[in-house]
Amino acid sequence: MAKDHRPSVKNDEVYEELRKKGYSKQKSAAIANAQANDDMEPSRKGGQAPPYEDWTKNDLYRRAQELDIAGRSDMSKSELIEALRDN
């Protein structure tokens with residue numbers, strides 16, 4: 001398969017599979033490079049943020065603003081949680 005990416009991608013096979021699945025070029029390259037790096041463990045669970053249910057409505061609203069979720073100002077706490085999870 002012809003390469004449609006820069007030579008800085010460390011794992012061509014992973015990159016190509018992710019692109020076929022619809023991932024962006026940037027995200028595909030980041031994941032492929034992380035998997036090729038022995039110091040990184042991209043399949044291991046990330047941060048330990050508390051579940052959305054433990055967040056305040058204001059915190060949920062601010063996160064929705066960061067993600068530019070439409071209609072957030074009219075949403076209840078449970079609606080904000082659902083919108084954030086769907087995003």
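Partners of Gln65 under the side-chain contact (heavy atoms from CB on, under 4.5 Å) rule, at least two apart in sequence or in another chain, are Tyr61, Arg62, Arg72. Under the ring pair (Phe, Tyr, Trp, His ring centres under 6.0 Å) criterion, Tyr23 pairs with no residue at all, not counting sequence neighbours. By the side-chain contact (heavy atoms from CB on, under 4.5 Å) test, Asp54 pairs with Pro50, Pro51, sequence neighbours left out.
The distance from the CG atom of Asn11 to the CD1 atom of Ile31 is 11.5 Å, given to the nearest 0.5 Å. In this structure, the separation between CD1 on Ile81 and NZ on Lys57 is 11.0 Å, given to the nearest 0.5 Å. We find the OH-CG distance between Tyr52 and Leu80 to be 10.5 Å, quoted to the nearest 0.5 Å. How far OG of Ser28 is from CG of Asp12: 12.0 Å, rounded to the nearest 0.5 Å.
Contact between Val14 and Ala32 at its shortest, heavy atoms only, is CG1-CA, 3.9 Å. Contact record, Asn33 with Lys10: OD1-N, 2.6 Å, taken as the closest heavy-atom pair. Considering all non-hydrogen atoms of both residues, Glu66 and Arg63 come closest at OE1-NH1, 2.7 Å. Here the shortest heavy-atom pairing between Leu67 and Asn87 reads CB-ND2, 3.2 Å. What you find for Trp55 and Lys77 is that their closest heavy atoms are O-NZ, 2.8 Å.
At a threshold of 4.5 Å between non-hydrogen side-chain atoms, the residues Asp74 and Glu79 do not count as touching.
Under a 4.0 Å N-O distance rule, the pair Arg19/Glu13 does not qualify as a salt bridge.
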Practice task
Please step through salt bridge (charged side-chain N to carboxylate O under 4.0 Å, His left out) for the pair Lys20 and Glu17, ending with a clear verdict.
Solution key: CA-CA 5 Å; Lys20 285 180 191 174; Glu17 284 302 313; 3.5 Å; yes
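Atom CD of Gln26 has 12 or fewer heavy atoms from other residues, nucleotides or ligands within 6.0 Å.
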